[in-house]
Protein chains: 2
Amino acid sequence: MVGKSYPGVMTAMPTPSTQAPSDGDYLRLDQQICFSLNAASRAFGGVYRVILKDLGLTYPQYLVMLVLWEHGELPVKKVGEHLRLDSGTLSPLLKRLETAGLVRRERSAVDERSVHVHLTDEGTALRERALRVPRRIAAATGANLEEIRELQARLDRLTAALDAAALDPAALDAAGADVS
Amino acid sequence: MVGKSYPGVMTAMPTPSTQAPSDGDYLRLDQQICFSLNAASRAFGGVYRVILKDLGLTYPQYLVMLVLWEHGELPVKKVGEHLRLDSGTLSPLLKRLETAGLVRRERSAVDERSVHVHLTDEGTALRERALRVPRRIAAATGANLEEIRELQARLDRLTAALDAAALDPAALDAAGADVS
DNA sequence: CGCAATTCAATTGCGCACAACTTAATGGTG
DNA sequence: CACCATTAAGTTGTGCGCAATTGAATTGCG
């Protein structure tokens, strides 16, 4: 198990607000939004791990199943577009889902480059047991639906901005980026 | 490279708000807060990867360096508490940082179970070059400091709630958790 | 003191994320 | 039709993240 107290992380105060924050302030761990994001993401992972255990799924496997439950049969490429994952991640993951008997992979007849992922009966049936997962997750967050939605909207905007920046590294060098 | 369009993820609408959401609604991928969180976390990772490349650090390595720059010499245990990481992750990571010449590890004289992580001169010097990282990240997010802080506060509360839930799995079974 | 329980770091094993590369099929152009 | 660029999956290699285990040092308790 991982430690459960994180001294300083959530309590340290920034430079008093009457002064402009310095570079050093920005370097402070507790100022790092990315750290909070990363921590929240891993905390979610921990909860999902517990909840998904009796479905026999990991969290990324669960995401793939969600996509298939929503859209039915899809080529690997499309699954990847929905989840932002490439074949390097999906190929072995799908192989494990296939071994578990939840999906089948079939090379497309019309385009033999692509592989279509189908749900097996067992995979389809698993959805019934998965139905209660989101409510359990919601309970674990202790947050209301309103707050969750707003947080999600914020995160999606952030992701879009970051994706745009990653595609245009020059933008990262914008000298005097106004962050205050 | 990973795909850059994610059809349906951010556009699909929930059940009309005059009706209570069904379990099926909750299962919809675009309803999954965790997905947004995960996506944002990985998007951050992508931006950090670009920015940290010329420091020769990965993002988790950068986090460790942040902790050391802020606190100076620390036992592995303390580093792990700050970052929520255990020795299974830290031991090999620290070994790589040591190979890179940024840190030194020394077994404590007073308690020979613990290993203290020190910055080398090179590790200390790297801080100067890291000072501009946070501003570049901030620029990439396209968000202002206010928004970032608020998001961070929300995420930290979320993480705390999730940690609490993970430590008490029974709470996850709260039957009619009110999420609306 | 003596011995069991605890603590710390390291190791092992598995799965994911991602870059880089390979292989095979497709499609467009001359 | 021949050739080449493009596209889809898969493969390889590196580095986390975490559970589980190991081994050594320390602490606590009778």
Side-chain angles (χ1 to χ4, degrees), chain A residues 1-4 34 38-50 52-53 56-64 74-81 83-100 105-117 163 166, chain B residues 1-4 34 38-50 52-53 56-64 74-81 83-100 105-117 163 166:
Chain A
M1 196 54 179
V2 126
K4 44 192 168 183
C34 55
N38 193 29
S41 183
R42 285 192 284 130
F44 253 117
V47 173
Y48 268 104
R49 197 170 302 114
V50 172
L52 292 176
K53 184 146 59 186
L57 295 175
T58 65
Y59 175 58
Q61 289 166 7
Y62 172 68
L63 290 181
V64 168
L74 282 178
V76 173
K77 184 75 186 325
K78 288 289 179 192
V79 176
E81 285 174 358
L83 297 177
R84 247 171 147 42
L85 293 171
D86 63 17
S87 67
T89 301
L90 286 174
S91 287
L93 189 158
L94 290 169
K95 200 176 295 183
R96 283 186 286 271
L97 285 180
E98 188 166 41
T99 302
R105 289 181 302 162
E106 279 172 17
R107 202 155 279 276
S108 165
V110 298
D111 182 347
E112 294 197 357
R113 288 171 305 180
S114 94
V115 169
H116 289 246
V117 185
D163 280 343
Chain B
M1 197 55 179
V2 125
K4 44 192 170 180
C34 55
N38 195 28
S41 183
R42 284 192 285 130
F44 253 116
V47 172
Y48 268 104
R49 197 169 302 113
V50 171
L52 292 176
K53 185 147 58 187
L57 295 174
T58 66
Y59 176 58
Q61 290 166 7
Y62 172 68
L63 291 181
V64 169
L74 281 178
V76 173
K77 184 75 187 329
K78 287 290 178 192
V79 175
E81 285 174 358
L83 296 177
R84 247 175 147 44
L85 293 171
D86 64 15
S87 66
T89 300
L90 285 175
S91 286
L93 188 158
L94 289 170
K95 199 175 296 183
R96 282 186 286 270
L97 285 181
E98 188 166 40
T99 301
R105 288 180 303 163
E106 278 171 18
R107 203 156 278 275
S108 165
V110 298
D111 183 347
E112 294 198 356
R113 290 171 304 181
S114 93
V115 169
H116 289 247
V117 185
D163 281 344

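A, B, ... follow the sequence lines: proteins, then strands. Residue 1 opens every chain.
Shown here are the side chain to side chain contact (heavy atoms under 4.5 Å, CB included) partners of Val115(B), two or more places apart in sequence or in another chain: Val76(B), Arg105(B), Arg107(B). Remark: Arg96(B) pairs with no residue by the side-chain hydrogen bond (donor to acceptor under 3.5 Å, both in side chains) rule, at least two apart or across chains. Every residue meeting the side chain to side chain contact (heavy atoms under 4.5 Å, CB included) condition with Ser108(B), not counting sequence neighbours, appears here in chain and number order: Val110(B), Asp111(B), Ser114(B), His116(B). With sequence neighbours excluded, no residue forms a side-chain hydrogen bond (donor to acceptor under 3.5 Å, both in side chains) with Glu112(A).
The side chain of Arg107(B) places no N or O atom within less than 4.0 Å of a non-bridging phosphate oxygen (OP1 or OP2) of dA9(C).
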Any N/O pairs under 3.5 Å between the protein and nucleotides 3-8 of chain C? List them or say none.
unit_1, atom_1, unit_2, atom_2, d
dT7(C), O2, Arg113(B), NH1, 3.2
dC8(C), OP2, Lys77(B), NZ, 3.0

Using a cutoff of under 3.5 Å, can you pull out all pairs of nitrogen or oxygen atoms linking the protein to nucleotides 11-14 of chain D, with atom names and distances?
unit_1, atom_1, unit_2, atom_2, d
dT11(D), OP2, Lys95(A), NZ, 3.0

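Residues Pro60(A) and Glu112(A) each lie close to DNA chain C; by heavy-atom proximity, the contact nearer the 5' end of the strand is made by Pro60(A).
At whole-Å resolution of the value, CG in Leu85(A) and C1' in dA19(C) are 14 Å apart.
Nearest to the side-chain atoms of Thr58(B) among the listed nucleotides dC16(D), dG10(D), dA19(C) stands dC16(D). Nearest nucleotide to the Arg105(B) side chain, out of dA10(C), dC18(C), dC18(D): dA10(C).
Residue contacts shown for Val110(B) are limited to sugar-phosphate atoms, with no base heavy atom under 4.0 Å away. Contact annotation for Leu90(A): no contact, since no heavy-atom pair falls under 4.0 Å across all strands.
A donor-acceptor pair under 3.5 Å is absent between the side-chain atoms of Asp163(B) and the main chain of Ala166(B), judged by distance alone. No donor-acceptor pair under 3.5 Å is formed between the side chain of Arg84(B) and the backbone N or O of Arg42(A).
Here CZ of Phe44(B) is found 12.0 Å from OG of Ser41(A). Values are rounded to the nearest 0.5 Å. One finds the CG atom of Leu97(B) at 9.5 Å from the CG atom of Leu90(B) (value rounded to the nearest 0.5 Å).
Within the shown strands, dC1(C) is the pairing partner of dG30(D) under the Watson-Crick or G-U definition, both distances less than 3.5 Å.
In summary, Glu98(B) and Lys95(B) do not engage in a salt bridge, as defined by a charged side-chain N under 4.0 Å from a carboxylate O.
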